[in-house]
Asker: 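Quick one: this structure, given as structure tokens, is what I'll be asking you about.
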Amino acid sequence: MSTNRRLVMFSDDAALTATLRDCIRQKRALDLDVHERLMSQMNGSAVPLAEAGDVILFKAGRNPESEIGAVRALRRTVGAKRAILAFADEDLSLAAIRGLTAAGVSEVIPYPAPLAELSERIDHWTREPEYPVPALRRPETRLGRVISVAQARGGLGATTLAVNLAHRLMDPHGLISKKRNYRVALVDFDLQFGAVASFLDIEPTSALYRLAAGDVVPDATYLDQALVEHGSGLHVLTAPDTLCPLDALDPEQAAAIIDNLRAEFDFVVVDLPRGLAGWMPAVIDRTDRMLLLSDTTVPCIRQARRLVQLFTEEALNLDIEIVVSRETRPLIAKRHHTEAERVLERPFRHWLPLDAKACRTAADSGKPLAAAAGRSSLSRGIDGIARGLIKEIKARDTAGLVDTSR
Ligand SMILES: Nc1ncnc2c1ncn2[C@@H]1O[C@H](COP(=O)(O)OP(=O)(O)O)[C@@H](O)[C@H]1O
Ligand SMILES: [Mg+2]
């Protein structure tokens, strides 16, 4: 898998294309696709081509009206995170620039321009996403443990793990101790594709959408009202019930959500989205244990490695454990496994077996695995992870580090 960032360009201007090629040639880790047609002539067929790009560029100005329409369609498809850049000569009217920007162009770059200037703008827009330091600091007394679930690729079972881990952490069946039940909150931070509510057959709420749409920093009361209590006793903050961009939350809001929940619950389980957003460092910074799902294929391990690097750059001592999904731990470690563990600089700590039948049964009944297919190997695998986490919290409690009695 190439980790290069890809630029996709629509332009029939040979000089512009040549300049851009010169510019890219001097840089590493960038690929450029050029389509020698204008956006305005493509009647929507630009969208599927443009989707391949991390940054989308086009020559603007020949037909601003239809370019604005094309940009609008493109922006709808690629979401908020990707840059769309327009090259415009000085003839482009201010109204057209305003129209393009309103439709979703990230920057209108004047052209012709000196190579150095173009180069600088390309650098700016192809830089890895930035992770601002969260404004709120960790409170002195640490209460609930924050467990974040991330994934090296989609569809591995991150949400399945988050939901069922949260459910098992409540210890409703006396998993470890018959006396003690833990209070658990589950947060679906997959703002765009959150599936936690449907896994648990509950109605998603507008709470996160309302936060994303405004700039309120939520307090304990807001969160109390925002949580949905599942029949099992699990408290859930669902993903928004309305479509909303991944970066709609801001770091202070994400921080306040975690801090307030952590003050009230023994465990806060977070289902992270697959993409990256500016609020994520606030969550990562507060995470006590990150569970990162991967499979053992080379592309997936590479992606896992990138995430490990990214996350540990954010939080130096972040405790990341690798969860191998859809595979059973082999009796004797295979060569490519040891190699992957070396690349990741950590062992394959947990293994969750392939178990489509159990997932299906749980999904069809809208119940957690433990309730729908408690004896399944997958359910037992997740139990094992929950058990380990409960042991840790108990050890911490008896060491008297934190008083969690309430
Ligand atoms: N261990 C597993 N074995 C088989 N199917 C699984 C497993 N874990 C999850 N699935 C199924 O894969 C699909 C994606 O799972 P999900 O948890 O939503 O993945 P993610 O959140 O990583 O995208 C779902 O249909 C789920 O039931
Ligand atoms: Mg998911």
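Indexing begins at 1, ligand by ligand and atom by atom, following the structure's order. Heads up: numbering here begins at 1 and tracks the sequence.
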Asker: Measuring to the Mg ion (ligand 2), does T159 have an N/O/S atom at a distance below 2.8 Å?
Answerer: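 T159 does place an N, O or S atom closer than 2.8 Å to the Mg ion (ligand 2).
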Asker: Any idea which protein heavy atom is nearest atom 19 (O) of ligand 1, and the distance to it?
Answerer: G157 N, 3.1 Å
Asker: Hey, is ligand 1 close enough to L156 that some N/O pair sits below 3.5 Å?
Answerer: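 The answer is yes, given that L156 and ligand 1 share an N or O pair closer than 3.5 Å.
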Asker: How far is atom 18 (O) of ligand 1 from the closest protein heavy atom, and which atom is that?
Answerer: F199 CZ, 3.6 Å
Asker: What do we get for W351 next to ligand 1 when only non-hydrogen atoms under 4.0 Å count, side chain, backbone, both or neither?
Answerer: neither
Asker: Any idea which atoms of ligand 1 are less than 4.0 Å away from a heavy-atom of Q151?
Answerer: 20 (P), 21 (O), 22 (O), 23 (O)
Asker: Give the residue and atom name of whichever protein heavy atom lies nearest to atom 10 (N) of ligand 1, and the separation in Å to one decimal.
Answerer: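 So the nearest neighbour among protein heavy atoms is R326 NH2, 3.2 Å.
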Asker: Looking just at side-chain N and O atoms, do R75 and S106 make a donor-acceptor pair shorter than 3.5 Å?
Answerer: yes
Asker: Could a heavy atom of G155 be found less than 4.0 Å from some atom of ligand 1?
Answerer: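 Per 4.0 Å heavy-atom rule, G155 contacts ligand 1.
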Asker: I'd like to know if R326 pairs up with D295 as an ion pair, taking the criterion as any Lys NZ or Arg NE/NH1/NH2 lying under 4.0 Å from an Asp or Glu carboxylate oxygen.
Answerer: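 Salt bridge between R326 and D295, a charged N being under 4.0 Å from a carboxylate O: no.
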Asker: What is the closest protein heavy atom to atom 3 (N) of ligand 1, and at what distance does it sit?
Answerer: D355 N, 2.8 Å
Asker: If you look at every heavy atom in R274 and G154, which pair is closest and at what distance?
Answerer: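 So the two residues come closest at CD-N, 3.1 Å.
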Asker: Just checking, is any N or O donor in the side chain of K27 or S119 under 3.5 Å from an acceptor N or O on the other one?
Answerer: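 Short answer, yes.
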Asker: Considering only heavy atoms, does L378 approach ligand 1 within less than 4.0 Å through its side chain, its backbone, both, or neither?
Answerer: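 Answer for L378: side chain.
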Asker: Looking at ligand 1, would S325 count as a contact under a 4.0 Å heavy-atom criterion?
Answerer: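 Flag not set, S325 not near ligand 1.
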Asker: Counting from 1, what ligand 1 atoms have a heavy atom of L354 closer than 4.0 Å?
Answerer: 3 (N), 4 (C)
Asker: Tell me: protein heavy atom nearest atom 17 (O) of ligand 1, and distance?
Answerer: T160 OG1, 2.6 Å
Asker: Closest heavy-atom contact between L74 and A50?
Answerer: CD1-CB, 3.4 Å
Asker: Establish, yes or no, whether the cationic atom of R145 lies under 6.0 Å from the six-membered ring centre of F267 and within 45° of the ring axis.
Answerer: no
Asker: Using a strict cut-off of less than 4.0 Å between a Lys/Arg side-chain nitrogen and an Asp/Glu carboxylate oxygen, indicate whether D364 and R360 qualify as a salt bridge.
Answerer: yes
Asker: Under 4.0 Å from a heavy atom of A158: give me the atoms of ligand 1 that qualify, with their elements.
Answerer: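 Checking each atom against A158, I get 17 (O), 19 (O), 20 (P), 21 (O), 22 (O).
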Asker: Look at R380 together with D383 and state whether they make a salt bridge at an N to O cut-off of under 4.0 Å.
Answerer: no
Asker: Number the atoms of ligand 1 from 1 as they appear, then name those within less than 4.0 Å of a heavy atom of P353, with their elements.
Answerer: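 This gives 1 (N), 2 (C), 3 (N) as the contact atoms.
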Asker: Salt-bridge test for D319 and R289: reply yes if a basic N is under 4.0 Å from a carboxylate O, no otherwise.
Answerer: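 Looking at D319 and R289, the cut-off is met.
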Asker: How close do A340 and F348 get, heavy atom to heavy atom, and via which atoms?
Answerer: CB-CZ, 3.6 Å
Asker: For the backbone of D31 and the side chain of N4, can you confirm whether one donor and one acceptor N or O come within less than 3.5 Å of each other?
Answerer: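 No: the side chain of N4 does not pair with the backbone of D31.
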Asker: Would you mind finding which of C359, G381, A363 brings a heavy atom closest to atom 7 (C) of ligand 1?
Answerer: C359
Asker: Within the protein, is there a heavy atom lying under 4.0 Å from atom 24 (C) of ligand 1?
Answerer: no
